[in-house]
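Here's the structure, in structure tokens; my notes come after.
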2 protein chains.
Amino acid sequence: MHNIRKPPTMADVARRTGVSPMTVSRAFKRDSSVSQETREAVLSAAEELGYVFDSTASNLRSQRTDFIAVTIPSINNANFADTVRALSDHVSERGLQILLGYTNYDVAEEERLIEQLLRRKPEAIVVTGGKHTPRARKLLSNAGIPVIETWDLPEEPIGHVVGFSNALAVREMVDHFVSVGYRKIAFIGGDADRDTRGTDRRAGFIAALKDHGLDAPRLIAAGPPPISMREGANAMGQLLERFPDTEAVICVSDLSAFGALTECQRRGIAVPDRIAIGGFGDYEIGAISVPSLTTINAFASEIGAKTAELILDVLDGKLDRPGRVTIRPDLILRQTSR
Amino acid sequence: MHNIRKPPTMADVARRTGVSPMTVSRAFKRDSSVSQETREAVLSAAEELGYVFDSTASNLRSQRTDFIAVTIPSINNANFADTVRALSDHVSERGLQILLGYTNYDVAEEERLIEQLLRRKPEAIVVTGGKHTPRARKLLSNAGIPVIETWDLPEEPIGHVVGFSNALAVREMVDHFVSVGYRKIAFIGGDADRDTRGTDRRAGFIAALKDHGLDAPRLIAAGPPPISMREGANAMGQLLERFPDTEAVICVSDLSAFGALTECQRRGIAVPDRIAIGGFGDYEIGAISVPSLTTINAFASEIGAKTAELILDVLDGKLDRPGRVTIRPDLILRQTSR
DNA sequence: ACTTGGATTGGTAACGATAACATGGATGCC
DNA sequence: GGCATCCATGTTATCGTTACCAATCCAAGT
């Protein structure tokens with residue numbers, strides 16, 4: 001027996017409780033001043049009526065949505081997922097909710113997504129990376145809310161930044177590889193410029209080799225991002241055929257590095273004795289695989305946590321100028337390299 | 001030079017274009033009847049003013065949010081991510097946007113999340129799994145929107161269902177393992193009942209063994225979910241110590257199966273000659289690892305796609321009674337088993 | 001010339017909550 | 001006791017868009 005009538009509103013709850021709608025509204029907030037007694041009466045009346053608080057009305061009137069908009073390249077990437085989870089955990093304590101979208105590693109898609117997200121009037125917007133279309137930059141600048149760029153250190157930040165230099169992180173690995181004697185070092189990454197962090201990593205690789213007086217002819221393009229295990233395996237196959245004397249390879253992520261490792265295993269090529277492998281991102285697989293992967297920990301969760309902290313500070317008015325949190329990635333040496 | 005004035009509204013755009021606000025509203029919709037000329041004039045005036053459409057007002061007045069609420073146990077799980085991505089891709093073509101939350105494998109958390117999501121007035125809500133608190137069930141039933149339970153086949157569905165039987169899927173693997181001669185078969189899964197799909201898989205495992213006249217004493221609890229690679233490796237260690245004569249082990253997911261595999265590799269135990277391993281979920285790692293993992297493909301993306309289809313049909317009024325889409329998981333035999 | 005009908009545009013009120021201000025009563029302090 | 005203060009609650013107007021209905025215009029048909 002289900003009446004098909006309009007769902008109850010605060011006015012209905014108010015009537016039933018014998019108070020004004022305003023009091024009902026207050027009862028549903030955490031901190032507003034309502035007597036304990038009244039609050040309980042209101043809430044139980046609401047429960048009886050099956051009342052569900054209507055955020056849409058609240059959002060319009062109060063000009064607050066308690067949304068934090070977030071864009072990531074892919075929803076299916078453990079690094080970004082870690083960042084989002086940490087971010088979500090921290091801001092949800094304050095009643096803020098993540099509104100997530102993914103760009104598929106495409107700045108045009110990112111622009112569309114940013115526009116769509118801004119229409120929802122979030123309290124702040126977090127974007128992954130520091131490269132955007134001009135219109136996206138403009139939209140973000142004019143949004144009138146805190147903008148946080150992450151996973152990168154843009155030269156001209158739009159607002160706040162919580163990130164690290166992808167190029168420098170890879171350079172650290174190159175430096176180490178050269179210091180232990182590797183000279184013929186290759187890089188496996190995505191095509192062209194879609195994944196801007198991947199592109200930065202490759203650029204860092206080339207620059208680092210150059211500083212050691214080494215050329216970088218061994219660049220393997222593994223296809224359009226996302227570059228995952230399968231692409232890594234294929235790329236390793238190409239590398240072994242085109243440059244069989246390669247001594248070490250740095251991959252754009254642990255996923256491709258693991259794929260590359262398995263290709264070596266399939267071909268009976270000893271890792272690291274015949275070829276060393278380095279990854280990026282400190283994914284769980286790198287710690288567990290046999291042999292375990294040398295990699296770079298970019299502290300994905302910490303990026304999320306720091307971003308949350310920054311957002312809360314800005315919303316509390318505790319920070320009036322653009323914040324810049326620099327994460328220092330860590331080189332983790334494991335079994336796939338010396 | 002940044003004026004701190006109120007952001008422009010449709011009224012401002014209307015004034016500048018020399019039309020009524022109503023016409024501006026129409027120009028921002030896809031199909032409304034406005035002349036091409038007028039629409040372009042409105043849109044360019046909007047761009048000049050830096051006008052951003054305000055969904056919050058639209059949502060309230062039109063009583064539509066174009067949100068599809070989705071709950072998943074963990075944001076960091078490739079299976080659920082695949083489902084959400086497919087779902088998102090299909091519904092976004094119709095202007096619908098995913099509003100995602102995660103429950104951390106906890107029904108109490110799920111209840112809180114469902115309540116929070118429903119306040120946002122989504123057009124439909126998709127939940128993972130078929131086990132909920134009584135209050136969560138009630139909230140969903142009374143929400144007045146389509147409810148879709150996924151990744152499970154609940155006995156008493158709340159509304160629509162797009163899923164499969166976790167127990168039957170595992171049974172298929174058990175049947176195969178028995179048919180090729182394994183008898184001493186173990187199961188690695190999470191503690192107790194938090195991950196209800198994991199629990200169903202274990203129950204299916206026990207029931208299947210029983211039907212073959214076999215006992216199931218080899219149940220290894222790998223800790224609270226999520227059970228990932230590390231937990232799988234630890235559990236395999238326990239298994240090898242407590243039941244060294246085990247011939248095969250079925251793991252609650254490919255992640256734990258891979259962890260288990262690596263533990264064998266570390267201990268020099270031959271897979272599958274000394275012990276066979278089966279996983280669940282057909283994660284990429286299972287196809288790439290050496291040896292590759294025998295697993296069950298539950299068609300995560302297809303669940304998302306079918307869910308999207310179902311939602312669109314219901315919203316279009318093409319489906320008036322509860323839909324039930326049953327996915328048939330596929331046993332994939334690879335190198336970790338006969 | 002006059003009606004008919006489709007296409008385009010406008011006017012008005014309303015969605016359901018809450019910000020801002022007001023009020024009545026209890027409490028505290030000198 | 002008198003006045004300031006605080007607490008709990010009420011009143012009114014409003015957030016920005018769009019549903020609903022009305023009006024206008026022009027082309028086509030009789």
Side-chain angles (χ1 to χ4, degrees), chain A residues 5-43 45-46 49-67 95 116 118-123 143-144, chain B residues 5-43 45-46 49-67 95 116 118-123 143-144:
Chain A
R5 61 186 160 211
K6 283 208 301 186
T9 69
M10 277 193 178
D12 298 313
V13 178
R15 214 162 4 246
R16 182 170 183 118
T17 320
V19 296
S20 73
M22 193 63 236
T23 300
V24 176
S25 172
R26 290 191 180 104
F28 271 89
K29 303 283 151 208
R30 302 250 149 167
D31 52 341
S32 280
S33 63
V34 228
S35 71
Q36 189 58 27
E37 206 177 14
T38 310
R39 166 168 284 133
E40 280 163 14
V42 168
L43 294 182
L49 286 175
Y51 169 74
V52 177
F53 182 92
D54 187 336
S55 293
T56 67
S58 172
N59 292 341
L60 174 60
R61 174 65 248 231
S62 66
Q63 300 287 69
R64 299 197 59 204
T65 58
D66 291 336
F67 275 137
Q116 190 192 26
L118 289 178
R119 288 175 161 213
R120 303 274 186 187
K121 307 291 172 186
E123 310 301 327
Chain B
R5 60 184 163 214
K6 283 209 299 187
T9 69
M10 277 192 177
D12 298 314
V13 178
R15 213 164 3 247
R16 181 168 185 121
T17 320
V19 297
S20 73
M22 194 62 238
T23 299
V24 176
S25 173
R26 290 195 180 99
F28 271 90
K29 301 286 150 204
R30 301 249 149 164
D31 51 342
S32 281
S33 62
V34 229
S35 69
Q36 188 57 28
E37 206 177 15
T38 310
R39 166 168 283 133
E40 280 164 13
V42 168
L43 293 183
L49 286 174
Y51 169 73
V52 176
F53 183 91
D54 188 335
S55 292
T56 67
S58 173
N59 293 340
L60 174 60
R61 173 65 246 226
S62 66
Q63 300 287 69
R64 301 196 59 206
T65 58
D66 290 336
F67 275 137
Q116 191 192 24
L118 289 178
R119 288 174 162 213
R120 302 276 187 187
K121 307 291 171 186
E123 311 300 327

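Each chain gets a letter, A, B and so on, in the order the sequences are listed, and its residues count up from 1.
- The phosphate of C:dT8 (OP1 or OP2) has no side-chain N or O of B:Gln36 nearer than 4.0 angstrom.
- Distances shown here put every side-chain N or O of A:Ser20 at or beyond 4.0 Å from the OP1 or OP2 atom of D:dT11.
- If you check the side chains of B:Ser20 and B:Thr23, you find a donor sitting under 3.5 Å from an acceptor.
- Counting any heavy atom pair closer than 4.0 Å across all strands shown, B:Thr38 reaches sugar-phosphate atoms only and no base atom.
- Remark: P of D:dT14 and CZ of A:Arg64 are 23 Å apart, rounded to the nearest angstrom.
- Put simply, CE on B:Met22 is 11 Å from C1' on D:dC21, counting in whole angstrom units.
- With rounding to whole Å, B:Arg39 atom CZ is found 14 Å from C:dT9 atom C1'.
- Per the geometry, CD belonging to B:Glu37 stands 13 Å off C1' belonging to C:dT9, to the nearest Å.
- Under the 4.5 Å side-chain criterion, counting only non-hydrogen atoms from C-beta, B:Val13 is not in contact with B:Thr9.
- Protein atom CD of A:Gln63 is 13 Å distant from nucleotide atom P of C:dT18, rounded to whole Å.
- The residue among B:Pro21 and A:Val52 whose nearest nucleotide of DNA chain C lies closer to the 5′ end is B:Pro21.
- Between the side chain of A:Arg61 and the base of D:dG16, no donor-acceptor pair under 3.5 Å is found.
- Contact annotation: B:Tyr51 does not reach the phosphate of D:dG16 (side-chain N/O to OP1 or OP2, under 4.0 Å).
- Within 4.0 Å (heavy atoms only), B:Thr56 reaches no atom of the nucleic acid at all.
- For A:Ser35, whose side chain is taken as the heavy atoms from C-beta onward, the closest listed nucleotide among C:dA17, D:dT9, D:dT17 is D:dT9.
- Taking the six-membered ring where tryptophan is involved, the planes of A:Phe67 and B:Phe67 are perpendicular, since the angle between them exceeds 60° and thus also 30°.
- Judged by closest nucleotide on DNA chain C, B:Arg26 is the one of B:Leu60 and B:Arg26 placed further toward the 5' end.
- Following rounding to the nearest Å, B:Arg15 (CZ) and C:dG10 (C1') show an atom-to-atom distance of 16 Å.
- Between the side chains of A:Thr38 and A:Ser35, at least one donor N or O sits under 3.5 Å from an acceptor N or O.
- For A:Asn59 and C:dT18, the CG to C1' distance is 12 Å, given to the nearest whole Å.
- Across all strands, A:Val24 comes closer than 4.0 Å to no nucleic acid atom at all (heavy-atom distances).
- Side-chain N/O atoms of B:Ser62 include none lying less than 4.0 angstrom from OP1 or OP2 on D:dT17.
- Ring geometry, A:Tyr51 versus A:Phe28: the interplanar angle exceeds 60°, so the pair is classed perpendicular (tilted spans 30 to 60°).
- Of the inter-residue distances, the one linking B:Leu60 atom CG with A:Asn59 atom CG reads 9.5 Å to the nearest 0.5 angstrom.
- Across all strands shown, A:Ser33 has heavy atoms under 4.0 Å from base atoms, whether or not it also approaches the sugar-phosphate.
- Counting to the nearest Å, the P atom of C:dT18 and the NZ atom of A:Lys29 are 4 Å from each other.
- Remark: A:Thr23 is in phosphate contact with D:dG10, judged by side-chain N or O atoms under 4.0 Å from OP1 or OP2.
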